[in-house]
**Q** 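One structure, pasted below without further comment.
First listed ligand is number 1; within each ligand, the first listed atom is number 1. Throughout, numbering of the chain's residues begins at 1 and tracks the sequence.
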Amino acid sequence: MSKPLQNQVSRIAEIAKLSSIEDVILRLTNEFPGEVIFSTSFSYEDQLITDKILSNQLPVSIFTLDTGRLFEETYSCWRATNQRYQTQIKAYYPDHKLLEPFVGENGPNSFYESVDQRKACCFVRKVEPLKRALKGNSIWITGIRAEHSSNRHDIPQVEWDESNQIIKYHPLLHWTTEDVKDYINKYNIPYNILHDRGFVSIGCAPCTRAIRPGEDFRAGRWWWEDNTKKECGLHIHQQVAS
Ligand code: SF4
């Protein structure tokens with residue numbers, strides 16, 4: 001990361017420490033007009049941020065990645081969100097030129113066969129569409145929380161994403177699950193009802209299950225794999241700025 005970029009990340013990190021989420025996003029949209037983007041998977045966290053953006057009419061592009069393997073409950077939440085905020089959240093889909101040969105060669109559920117196959121599926125269905133979605137933007141807002149995964153405990157609230165060449169802002173990084181739930185309930189925000197059935201981190205249907213009380217948050221994702229390999233390539237934390 002170049003020195004000017006490092007200074008920019010540090011400066012935004014200072015702003016993020018002192019201001020409300022709405023104010024930080026507003027400042028970012030003033031500073032980077034048309035280049036602030038938010039990715040939602042319709043999780044609790046993402047619904048909260050969507051509410052902050054749309055209730056305050058902040059000029060942020062909101063998108064989701066429709067992998068083609070999402071839960072029906074996720075589509076219901078998507079629809080309820082569109083209705084509540086009178087919007088149409090933009091979706092990015094896998095490139096059929098990649099997906100068709102991938103499924104043709106490996107079958108529909110090859111992610112259960114090996115970590116490499118799973119990562120290849122995540123690349124086609126998530127990572128490549130994400131790169132298209134982020135292209136041309138400067139700031140990526142995410143719903144990441146430190147509680148979600150052991151490798152997210154030490155990440156900064158504002159960081160440089162080398163693989164996507166973008167600055168990431170995680171407004172809810174230090175919020176607890178209870179903080180998020182309280183906000184969702186207080187403002188009666190639509191949410192994915194799978195959260196009421198023990199699902200914590202909700203992704204694709206074949207790769208997500210509910211967790212038991214006390215189980216690690218990531219235990220519900222790719223449960224057949226070693227814990228250390230459980231990232232899908234969307235969030236790679238490389239360079240750190242505090
Ligand atoms: Fe494929 Fe599962 Fe990754 Fe979804 S989470 S893209 S189905 S491997």
**Q** Is the CZ atom of R27 crowded by more than 12 outside heavy atoms at less than 6.0 Å?
**A**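 No, the 6.0 Å shell around CZ holds no more than 12 heavy atoms from other groups.
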**Q** Under 4.0 Å from a heavy atom of R118: give me the atoms of ligand 1 that qualify, with their elements.
**A** 8 (S)
**Q** Considering the options F199, Y183, F217, Y191, which one meets the ring pair (Phe, Tyr, Trp, His ring centres under 6.0 Å) requirement together with Y44?
**A** Y191
**Q** By side-chain contact (heavy atoms from CB on, under 4.5 Å), which residues pair with A133, not counting sequence neighbours?
**A** F63, Y92
**Q** With a heavy-atom distance limit of 4.0 Å, tell me whether R125 approaches ligand 1 through its side chain, its backbone, both, or neither.
**A** side chain
**Q** Would you please name every residue forming a salt bridge (charged side-chain N to carboxylate O under 4.0 Å, His left out) with E100, sequence neighbours left out?
**A** none
**Q** Near atom 4 (Fe) of ligand 1, is there an N/O/S atom from C122 that is less than 2.8 Å away?
**A**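 Checking atom 4 (Fe) of ligand 1 against C122, no N, O or S atom falls under 2.8 Å.
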**Q** Closer than 2.8 Å to atom 3 (Fe) of ligand 1, do we get an N, O or S atom from C207, backbone or side chain?
**A** no
